[in-house]
Amino acid sequence: MAIIEEPLAIGAGDDVPETVERPLGDLTRPQISHTWKDWLTTVDHKKIGIMYGAAALFFFAIGGAEALLIRLQLATPNGTLLSPDVYNQVFTMHGVTMIFLVAMPMAAAFANYLLPLQIGARDVAFPRLNALSFWVFLFGGLFLNSAWLFGGGADGGWFNYAPNSTVTFSPSNGIDFYALGLQITGIASLVSAINLITTVLNMRPKGMSMFRMPIFTWMNLVVQFLLLFAVPVISVALFLLTFDRVFDANFFNTEAGADPLLWQHLFWIFGHPEVYILILPSFGIVSEVIPVFSRKPIFGYSFMVFSGVAIGFMGWGVWAHHMFVSGIGPISVAAFSLSTMFIAVPTGVKILNWLATIWGGRLRFTTAMLFAVGVVSMFTIGGLSGVTHSIAPADTQQTDTYYIVAHFHYVIFGGTLLGFFAGFYFWWPKMFGYMLNERVGKWNFWLQIVGFNLTFGPMHILGLQGMSRRIDTYDKGFGFELWNLVATVGAFIIALGIGIFFVNIAISRRQWKAAGKPNPGPDPWDARSLEWMTASPTPEHNFDDEIVVEGLDEFWHRKYGYDEDHNVVRIASAEEVAQDGSNTNVHLPSPSYFPIVLALGFPIIAYGIIYSLWLCIPGVALLVYGMVGWIFENPDDPNAGHDHHDDDHDGDAPDALEAGDEPAELVAAGTTVETEA
Amino acid sequence: MANATVAVDAHDDHGHHETNTGISNNKLAMWLFLASDCLLFGALISTFLLYRTNISDNTPFTSPSDVFDIPFTSLSSFVLLMSSLTMVLALSAVNRDDQRAGRIWLLTTALLGMVFIGGQVYEFTVFNAEGLGYTTNTWTSAFFTLTGFHGVHVSVGILLLLGTVFGTRNSGLGKEKSETVELVGLYWHFVDIVWVIIFTVIYLIPIG
Amino acid sequence: MTATDSHVDTHEQEHEYEHPSDRKYVTIALILGALTAIEILLFVLEDDLPRSLVKVGLIGLMIVKFWIVGAYFMHLKFDNKVLTQLFMFGLVLAIVVYFIMLSSFEFSFWNDGIEDPGLPGNS
């Protein structure tokens with residue numbers, strides 16, 4: 001009862017007293033040091049976005065190296081570079097890495113950086129949870145790849161069908177690393193989804209209604225909803241697999257009467273929304289780039305939004321088209337065949353709208369625009385081969401051949417990845433304050449697009465000729481030699497193109513420094529949305545003042561007006577309209593050690609599950625320590641010298657930062673654990 | 001009437017700033033998480049339903065009704081249901097700024113949760129003694145996993161409740177903490193309605 | 001204080017923000033308890049009643065209990081409709097998707113009219 005009758009320490013209010021501020025003594029509030037250490041404790045959505053991008057590029061190099069190994073092995077008949085076992089691991093890890101550790105975090109990089117900017121917000125709703133998402137993702141990805149050091153990676157293909165993925169058929173620990181690693185990155189995606197949805201729904205400034213948001217923001221909102229509902233499904237599937245492998249459960253044990261289709265259903269219920277999780281961010285980027293370089297507003301804004309939402313909905317009703325040959329019965333096959341044909345409609349709407357935006361525009365073929373046009377054309381090819389899969393009898397022929405490999409590389413490489421490159425060239429000056437070299441950029445584009453078509457174009461033919469997917473080698477005389485060699489040559493041209501991208505970063509940066517670091521200005525492309533309405537690179541506080549939005553393409557409408565003859569005329573320069581970022585009197589959320597500390601607990605627990613449950617104890621202890629510290633650390637440093645919220649009720653932008661309030665993050669932190677447990 | 005006044009005031013106090021939807025970020029985030037959790041439990045329940053008739057593999061039992069102790073489970077279900085009542089009473093007390101009652105009701109809720117978990121541990125022990133181990137057949141794997149996940153959710157809820165009671169020893173549990181209690185409550189009620197489904201679908205509905 | 005009260009009054013009427021009183025919460029809990037008792041009664045009388053009645057009754061009671069807890073204890077009934085929509089979206093999505101999944105296991109016996117003996121759902 002003493003607890004209950006204890007007098008109040010402080011009055012009503014959210015400020016946590018100093019003594020509680022440092023409950024564990026060690027990790028006191030980090031101070032800004034302007035060194036690399038700031039990055040470990042940052043809660044700034046822009047820094048987190050850049051770290052997501054850097055981590056994704058790091059994993060991209062790993063996944064790319066794996067791809068080159070695959071192509072070297074298959075370049076000639078009877079290749080001997082990789083043993084069949086190692087080959088299985090390499091193509092599995094290539095797929096898993098590229099999807100979960102490259103495409104998804106790269107989309108998260110753009111979403112993190114741009115979503116708050118595009119809606120005109122100061123930061124995301126929960127800055128510390130945002131940092132947590134990143135660190136959990138990074139440690140999960142490193143954990144997954146650490147399998148190479150502990151006896152080899154997963155070897156059952158990226159979907160690791162049961163019962164092939166059970167201990168009997170895959171005795172190494174590779175699939176344990178796969179299941180637990182994806183579980184961890186799934187936690188990151190889920191937390192991030194909740195955070196970004198809350199941001200978009202709740203943190204828009206005055207006048208920014210849902211239908212004034214840029215298409216990129218819309219597409220990412222749809223993606224975050226897909227993640228919100230798809231991640232728990234794969235989590236369950238991975239839990240069941242882990243329990244089967246580690247604790248001898250019987251979910252996929254066919255000898256005990258289990259049905260292996262359970263795994264396939266759960267995996268693809270997640271897996272097909274996942275396909276749209278991969279492509280929609282890229283659609284969003286293309287929808288930003290094309291209007292800017294066509295000097296026209298996007299054609300059919302509401303159609304673009306609703307087709308994106310429709311894809312999000314319909315993405316839930318097509319999963320079994322991945323399972324046409326697994327014996328799900330004619331009724332299921334017919335139903336899923338139809339729904340798959342239908343989902344091509346909203347995608348077609350998008351492609352039509354991009355073409356109509358380009359049509360009659362005053363085009364500027366910058367590198368970003370070239371990549372965007374590359375997406376439209378290459379994705380269309382991939383989309384069309386996708387429709388051929390919806391016809392079940394044809395799919396029966398194509399399944400597990402290189403035709404499928406060709407299809408999904410045309411949509412994921414030709415759609416998603418090229419879109420990200422368009423985004424790099426487009427937003428680089430906004431993120432880093434210097435332009436990427438356009439001439440080198442064009443080499444980058446052309447090498448990549450030529451290499452891409454040389455690699456994956458011939459795979460259509462190989463597939464129709466009957467070359468099996470995942471086969472580690474082939475004999476002479478099947479007619480596979482030529483096209484495999486072409487594909488391998490193409491893969492190295494892609495590698496060269498991507499190498500040039502990294503070279504371009506170095507060259508552009510050096511030239512910029514040599515020229516005395518000229519500022520590209522807030523708006524180097526004459527763009528349309530709010531992220532261009534602040535200085536480049538984006539100042540830490542994003543916007544000096546809250547922007548009151550009056551319409552779609554707000555920034556463009558502030559620069560352009562109409563004369564008496566209804567001709568578009570420039571009425572203001574970008575510098576006049578944009579904010580210069582000079583406001584230093586903005587209260588920002590304080591950095592924190594606890595996201596990275598908490599995140600570090602997850603891989604330790606995962607190693608514990610694989611090797612010894614005793615190791616879980618320090619992992620859980622770290623998790624609990626991180627959470628307790630997190631809860632008692634006020635997200636806004638009361639000693640920062642700014643007025644705290646109670647004086648400041650007029651709802652101005654700095655105040656909006658205090659969203660991540662202490663008590664609720666207690667709950668939020670708790671939920672991440674229980675998803676993991 | 002007094003309650004309503006306090007509730008609205010507390011909401012205003014805590015809102016700090018206007019959000020576009022009028023819902024605080026914390027509450028919106030909690031509901032998003034709960035919506036997402038529907039898919040998690042849906043998958044686990046579906047897995048159990050797929051294997052619901054397989055109890056006879058490797059066991060002497062022919063039907064789940066041979067092993068379920070319905071009177072016992074009914075009682076623990078009732079305990080969990082009543083913990084939802086004590087949870088809303090806790091929130092109501094905090095909204096009235098009645099700290100003492102708030103703490104008592106929160107602790108009662110945690111206690112009822114522990115009784116439920118205790119019942120689950122007892123049930124698992126009995127099953128194990130009757131030869132229904134985790135690895136015995138597909139039915140047992142699915143049953144223990146589903147109810148185990150629910151049990152973990154309840155345990156996390158208990159920790160959140162205790163954390164709310166003991167973590168506010170210095171700062172107090174006044175009505176400015178109403179949102180914290182409300183969010184813990186939302187989680188707790190969700191765990192409760194998941195059990196409402198599990199109790200009916202797994203324990204009560206006859207097979208065939 | 002009167003000023004605040006009147007403000008709250010209008011607020012309530014506009015947004016139906018009225019939270020139930022403690023007494024009402026207890027009543028709701030008693031109703032939930034009674035519904036649980038009926039569920040158990042249905043279970044006990046399982047062999048004396050038509051199977052379909054028992055099943056429909058149990059599922060109906062489950063939905064009612066779910067709705068009562070959601071509407072009153074989680075106060076969705078009094079809260080912003082966006083929250084109900086978000087939660088219902090997740091719930092309905094889960095029901096539809098998993099229902100289709102489970103049906104596809106049942107449907108597989110349509111394969112050439114041969115029932116697959118390995119299917120656990122059909123045994």
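Order of the sequence lines fixes the chain letters, A, B, ..., with proteins taken first and strands second; residue numbering starts at 1 for each chain.
The residue from B/Tyr51, B/Tyr134, B/Phe48, B/Phe61 that alone fulfils the ring-ring contact (aromatic ring centres under 6.0 Å, His included) condition with B/Trp139 is B/Phe48. If you run ring-ring contact (aromatic ring centres under 6.0 Å, His included) between B/His153 and each of B/Trp188, B/Phe41, B/Phe33, only B/Phe41 comes through.
Of the atoms belonging to A/Leu227, not a single heavy atom falls under 4.5 Å from chain B. With a 4.5 angstrom heavy-atom cutoff, B/Thr136 touches chain A only via backbone atoms. Residue contact with chain B, scored on non-hydrogen atoms closer than 4.5 Å, involves the side chain of A/Phe225 exclusively. The part of A/Leu266 that comes within reach of chain B is its side chain, from C-beta onward, which places non-hydrogen atoms under 4.5 angstrom from that chain. Both the backbone and the side chain of B/Thr21 have a heavy atom closer than 4.5 Å to some heavy atom of chain A.
Chain B forms the most heavy-atom pairs under 4.5 Å with one residue out of A/Met210, A/Arg204, A/Lys206, and that residue is A/Arg204.
B/Phe190 is listed as a side-chain neighbour of B/Asp37, based on a closest heavy-atom distance under 4.5 Å.
The aromatic rings of B/Trp195 and B/His150 sit tilted relative to each other, their planes meeting at an angle between 30° and 60°.
Between B/Asn58 and B/Asn137, the side chains place no donor N or O within less than 3.5 Å of an acceptor N or O (distance only, hydrogens not considered).
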